[in-house]
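Below: the structure, in C-alpha cells.
Start at 1 and go down the list; that is how both ligands and their atoms are numbered. All values below were derived from every heavy atom in this structure, side-chain atoms included, with hydrogens, water molecules and symmetry-related copies excluded. Source: prediction; values computed, not measured.
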Amino acid sequence: MKSSNFKIGWKTILKLGFLAFLIAIPLYGLYFWYRLDEPMIIKSLPDPFILNNGTRVSTEAEWNLRRNEIKETLQNLEYGHLPGNPDRIEVTNLSSQDLGEGKILNTLKMTIIPNNSLPETNFNFTLWVALPNGTGPFPTIVKVSEEGTGSQEPARDQVLTRGYIYVCFNHIELDPDITGNDIIGPCQQAYPSYDWGSIGVWAWGAMRVADYLLNETWVNAPDGIPNVDPSKLIITGHSRRGKTALLAGAFDERFTMVVPNESGCAGAGSFLIQGYISETIADITSPSRFRYWFNENFTKFAGNEVNIPFDQHFLRSLVAPRLILSMEATEDFWSNPIGSQAIYEAANPVFKFLDKEENNAIHYRGGFHGFTSEDFDTLMNFADKMLLNKSVVGNFYMTPYNIEFPIYYSEPL
Ligand code: GTR
C-alpha cells in the first residue's frame with residue numbers, strides 16, 4: 001500500500017499554533033473589554049431591613065434590633081464569633097524615638113490578659129503610636145498592620161504633617177497569616193470556644209487598640225495615653241487588612257470613621273455582583289489559600305452564592321449612621337470594584353433611613369492594587385471635611401459604573 005505524500009511537519013504545526021495565538025489575543029482582549037462592564041449578577045441584593053421574624057424595620061429602635069441580628073448572621077456564617085473585651089490590658093512603652101519637628105514615635109507592647117485567673121493565656125502584640133507636633137486632642141488613624149509593608153506605601157510623615165495621630169499594630173502577632181496554613185495563634189488559643197477566623201481575630205485586635213487609645217477602665221498604661229479625640233477615631237487597612245478594618249469598624253461603634261481600602265471579597269466588595277476576574281468565595285476559601293480567615297460555615301457558600309442570605313452591604317450598613325469611605329482602584333479587578341459600587345448603593349437606604357446619607361462614601365482612583373499616598377490623602381481629605389469641618393475639594397460619592405444593580409428595596413418611610 002502506498003502512503004500519502006501529505007505530511008504536516010512540526011514547523012507547520014508551530015506556525016499554525018502561533019497564528020491561532022495571534023488571533024486569540026485580540027479576541028480575548030475584546031471579550032475582556034466587554035466583560036469588564038458586564039458583571040455576573042447572581043441574584044438581587046437582600047433587603048437588610050427584614051427582621052428574622054419576617055417583618056420589616058419601621059423605627060430606629062427596630063433597626064437597632066436588626067443590627068444585632070445582622071451581627072449574629074455575619075459571625076455565624078462568615079467571620080466566626082468575636083469575644084468581648086479581655087479582663088485586662090497592660091501597656092508597656094518599649095522605646096520612644098524623636099522624629100524631629102515635634103513628632104514622636106512610641107513603640108509599645110500590649111499585653112492582653114483574657115482572664116485574670118488564667119495567666120498562661122496572656123499574649124502580647126506590638127503597637128506603634130506616632131504623635132504629631134502639638135498637644136491635641138488629635139484626630140487619630142488606626143491602621144491594621146505594620147507601617148509600609150507589601151503593597152502599602154509608608155504614610156507616617158504624611159499623616160503626622162496633617163496633624164493626625166498615626167497608630168499601626170502588628171496584627172499577625174495575634175494570628176499568623178501564612179497562605180494555606182491554619183495556625184492556631186495566641187488569641188484562638190486563649191479563647192478556645194470561639195469559632196473565629198483570622199479576620200475576626202485581627203478585627204478584635206483593632207478593638208483592643210481602641211481600648212488603649214480611649215483609656216478604657218480595663219487598660220493599665222502607666223506612661224499615659226496619647227491625646228486622642230474620641231469623636232475622631234478612624235480605622236483603616238488595605239486589602240485583607242481592609243476587610244479587617246471594615247469588620248472592626250462595623251462592629252465597634254467607638255470607631256467614628258471606617259475606611260477599607262481595596263478590601264474586595266469579604267470586605268466592601270460583593271459576593272452577588274461579581275465583576276469579571278474578581279475573587280469569589282470559592283477562591284478565597286480554598287484550603288490552599290485563605291480558608292483560615294473565616295469560620296467553617298462560610299465555605300458552604302463557595303460556588304453556592306445563590307444561597308447566601310446576605311451580602312456585604314449588611315456589614316457596611318452596620319457602620320451607619322457613622323462615617324464610611326470605601327476606597328477602590330478601577331484596575332484592581334481582583335478586588336471587584338464594580339461589586340463595591342453595588343454594595344455602596346445597597347447600603348445607602350440604611351444611611352438614608354438614619355438621615356446620614358452623606359456619611360456613606362466611596363472613592364475610586366485609577367490604577368492597581370495598593371495603599372498609596374494618594375489614598376491616604378483621599379482618606380484625610382474626607383476626614384478633614386466630615387470630622388474637622390474643613391472645606392475640601394473632592395468627590396467622595398463616585399459611581400463610575402453605569403449599571404442598574406438589582407436593589408429592589410428602599411428605606412422604610
Ligand atoms: C489576595 C487575596 C485578597 C486580598 C489580597 C491582599 O491574595 O485574594 O482577598 O486580601 O490578597 O491582602 O493583598
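- Residue Arg240 approaches ligand 1 through these ligand atoms, each under 4.0 Å from one of its heavy atoms: 5 (C), 6 (C), 10 (O), 11 (O), 12 (O), 13 (O).
- The pair Arg289-Glu279 counts as a salt bridge, with a side-chain nitrogen and a carboxylate oxygen less than 4.0 angstrom apart.
- Listed by number with element, the atoms of ligand 1 under 4.0 Å from a non-hydrogen atom of Ile284 are 9 (O).
- Between His238 and ligand 1, not a single N/O pair is under 3.5 Å apart.
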Self-check item: salt bridge (charged side-chain N to carboxylate O under 4.0 Å, His left out) between Glu253 and Arg67, intermediate numbers included
Solution: CA-CA 12 Å; Glu253 292 169 62; Arg67 231 184 141 259; 3.0 Å; yes
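- In terms of protein heavy-atom proximity, atom 8 (O) of ligand 1 is closest to Glu279 OE2, 2.6 Å.
- Interface atoms of ligand 1 facing Trp293, defined by a heavy-atom separation under 4.0 Å, are 9 (O), 10 (O).
- Considering backbone and side-chain N/O atoms, Arg241 never comes within less than 3.5 Å of an N/O atom of ligand 1.
- Exactly one residue among Leu318, Leu246, Asn359 makes a side chain to side chain contact (heavy atoms under 4.5 Å, CB included) with Ile324. That residue is Leu246.
- Proximity of Lys243 to ligand 1 is established by a heavy-atom distance of less than 4.0 Å.
- With ring centers used as reference points, Phe333 lies under 6.0 Å from Phe32.
- Scanning Gly370, Gly242, Ser239, Ser335 for the heavy atom closest to atom 5 (C) of ligand 1 points to Ser239.
- Using a 4.0 Å cut-off between charged side-chain N and carboxylate O, Asp98 and Lys103 make no salt bridge.
- For Phe49 and Phe353, the ring centers are positioned less than 6.0 Å apart.
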